[in-house]
Structure formats: C-alpha cells, structure tokens
K.L.:
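The structure under discussion is supplied below as structure tokens; questions concerning it will follow.
Just so it is clear: chains get the letters A, B, ... in the order the sequence lines come, proteins before strands, and each one is counted from 1. Hydrogens, waters and symmetry mates play no part in the numbers below; they use all other heavy atoms, side chains included. For clarity, every value in this text was computed on a predicted model and none was experimentally measured.
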2 protein chains.
Amino acid sequence: MKQTAPAADDGLKLSTWLPYRLFLVAAQVARPLESFYGETFGLSQAGWRILAVIAERDAANAAEIGRACALDPFATSRGIGQLTELGFAVRRAGKSDRRFAAVSITRSGRTAFNRIAALGSAIEARLLARLSESERATIDSALTRLEGESARIDAGGWRTLLEDAGAS
Amino acid sequence: MKQTAPAADDGLKLSTWLPYRLFLVAAQVARPLESFYGETFGLSQAGWRILAVIAERDAANAAEIGRACALDPFATSRGIGQLTELGFAVRRAGKSDRRFAAVSITRSGRTAFNRIAALGSAIEARLLARLSESERATIDSALTRLEGESARIDAGGWRTLLEDAGAS
DNA sequence: CATAGTACTTGCACTATGCAATTATATGTG
DNA sequence: CACATATAATTGCATAGTGCAAGTACTATG
C-alpha cells in the first residue's frame, strides 16, 4: 500500500521556471544590500525604496511614491513614517491641496542614500560584468516588455490566467 | 534656511537599476500565483516551493530541500510541517541515518502541485510570448551566469562588495 | 452647509522570521 | 563502554512585518 507518488507530472521544474530564476537573482542580490542598510541605518526594505524614490523626485505625495516602488498605501505611509523618524525625510502638507503629503528628502537622507546607492551600483556592476554589451541591450529591452506583461498579469489575477489558458 | 536637499547625487535610479527590475517582474508575477495557492490550498510561499522540489525529487532531506529552494533550515522545517498538515507530504526517518528526514510527496500533494504548476506554466507562457526565440536563448544563458554571480555576491556579504569597489 | 469623496494615517489582529534552546541520532575518544 | 562532540531537524518565543477596518483631515459639490 504505497502512500507516496513519485510519478509523472506537469513538467514544471522550479530551477528552470523563468519567474523563479528572476526571483532567485533578485533575492540573492537584495540580501547583502538589505543587511547593509538595515544594520547601518535601521532602514526597512520599504524605507530604502521610498528613499530612492524621493531622492530623484522632490515633494512627492504618498500615492506617487507607492506607485513608483510598488507599495500599497499602508506600507508607503509606514515607510515614510520610518524615514521621518530617522530624519531622512520630512512631510509637509501639499501646496494647493493639503490632503496630499509633500515628502522631501533631507540632507542626511541624501547622505544615507548615496552610501546605499554606492553599494547598489557595485552590485549592479558585478552583475553587468558577467554580460556582454549585446546581452545587456537585449536584457534591457526584454525587461521593459516583461515589466509591462507582468503588470498586466498581476492586474488580471489568477482567474484570468486560467481562463486564457483554458481557451487555447 | 533650507532643510531639504533635492540636489545632485549618485546616479542610482530605482526604475533602471537591474536588481530592482528583476525584482519587480518576479514580484508582480508571483502575486497572482501566491493568492491562488493561498486561497485554494492554504499554502505559503515556502510551502509551494518545497512542494515543487519534492515533486521532482523523492525522499529528499530538509537540507537538500532548503538548498534547492533557497530557504533556511527553520523555514524549511516549517514548510514541511505545513505540507504534512495539509496531507501533501509525509516525513519518514532516513534509511541509513535516522537524523535525516526523508520527505516525500503524497498523491494529493501531487494533484495540488499539478494544479499550481498549470498556473505557473501559464504565467511563464505569457512572459515568453513577449520574447523572440533569440531573446529567450540570450536570457536563458545570461540568467545562468547571473544566478552564479548573485550567489557569490550573497555569500560574500556587503563588506566584500565595498572592499572590491574601493579597490578599483 | 451638509454630504460625499479623497488622501493619508493609525490601531489591532494576525502572520511571518530570526535565533536560542531542544531533541534525536551518530561518531570519535580515552 | 561511557562520554564528549557533532550533526539534522524541530520547537518556543520574542520581535517585526502585513492586511484591513476605522479614523482624521481636508476638498468638492449639490
């Protein structure tokens, strides 16, 4: 009476499945960066992403920030809270409409950002060094399309995915 | 007395930084899959990854599983615990050395795996449809190198990264 | 000027995670 | 053969992160 079933199945192998491979690289590369800004500044992942956004976009409101770094409004609000506590950002009320926050990076926030960004650039350089010039170009253009398609997949939800697959 | 500093900085832009772009695609694509196996089977992310590993490798021990899906021993143990509670896996003691677990997928585990894998394959197909044949080949070979390099980056930690960058 | 709507925040319950300590087993040593 | 040491896996507990309901502050509209 055999209980287990090591038999034939759908051919999905984690190690060759594209989304998992992307995830693996992203996760492995994020870990050292995360422990750096965590240990050094007490910053969370959301905090770092928001810091990076307000470093290039002044007086952003919470919704803009959330969109730019794929965070929901709650996480965004908490991340901004963390940054203001650390003195890396300031919240002011919006100019015309005071419901909108106007979040700006501070001088010490920019200093922190530059230190983290240096590490981030070093990581990216290490990765890019493994690729030829033409590979970089291919990946750059392919990633743009994959970003778009993955956003649509996400927006559609799993029900849509099964319908589409069933209707083949 | 200007407190904020929207001035020049290190040129890191989140939206063009390779690790973030990989993360974005992986995260957006994982969300619908995650809500599918979460709602349908009450499976966590770790649970799904372990299920995928034991679907292709019978009688694996916890360390093997952890390595194969990049989970630490604690998360691995808990994931296996979840799978056994759901009836998707069984733990037995190792044959020669009883310290090693021998985790195997059950029939209902395989059924669940096949349903999730179908959705996973549909997602991958949606992504691949956006790429040409030659792009797929380029990305496949590039990802292999990026996986290796990111593993080294992770293993080295952030101190190593700064040393290397400083010694340029 | 009350009503509804928007942008954001907070509180609270729930979940996940990290790490110390524990269990069970195996192996080397006097 | 006892005993210290090592290894694989698990569990307990404190802490941190998340999701969602409700709340605050403001604006727009009939």
K.L.:
Return the value, rounded to whole Å, for the distance between atom CG of B:Leu71 and atom C1' of C:dG18.
P.N.:
14 Å
K.L.:
Taking side chain as C-beta onward, heavy atoms only, is A:Phe88 less than 4.5 Å from A:Phe41?
P.N.:
yes
K.L.:
Output the rounded distance in Å from CZ (A:Arg92) to P (D:dA25).
P.N.:
21 Å
K.L.:
Angle between the two end axes of the helix from C:dC1-D:dG30 to C:dG30-D:dC1, five base pairs per end, rounded to 10 degrees?
P.N.:
0°
K.L.:
For A:Arg21 and B:Thr144, does a side-chain donor sit closer than 3.5 Å to a side-chain acceptor?
P.N.:
yes
K.L.:
Closer than 4.0 angstrom, basic N to acidic O: yes or no for A:Arg159 and B:Glu39?
P.N.:
yes
K.L.:
For B:Phe74 and A:Arg99, find the nucleotide of DNA chain D closest to each by heavy atoms; which residue's nucleotide sits nearer the 5' end?
P.N.:
B:Phe74
K.L.:
Taking CZ from B:Arg31 and C1' from D:dG19, how many angstroms apart are they, rounded to a whole number?
P.N.:
13 Å
K.L.:
Rounded to whole angstroms, how far apart are CZ on A:Arg98 and P on C:dA7?
P.N.:
16 Å
K.L.:
Would you say A:Asn61 places a side-chain N or O within less than 4.0 Å of OP1 or OP2 belonging to C:dA7?
P.N.:
no
K.L.:
Mind checking whether A:Leu143 and B:Leu22 have side chains closer than 4.5 Å, heavy atoms only?
P.N.:
yes
K.L.:
So does A:Glu135 pair up with B:Arg145, basic N to acidic O under 4.0 Å?
P.N.:
yes
K.L.:
Just so I know, are the side chains of B:Glu149 and A:Val25 near enough to count as touching, which here means a heavy-atom distance under 4.5 Å?
P.N.:
no
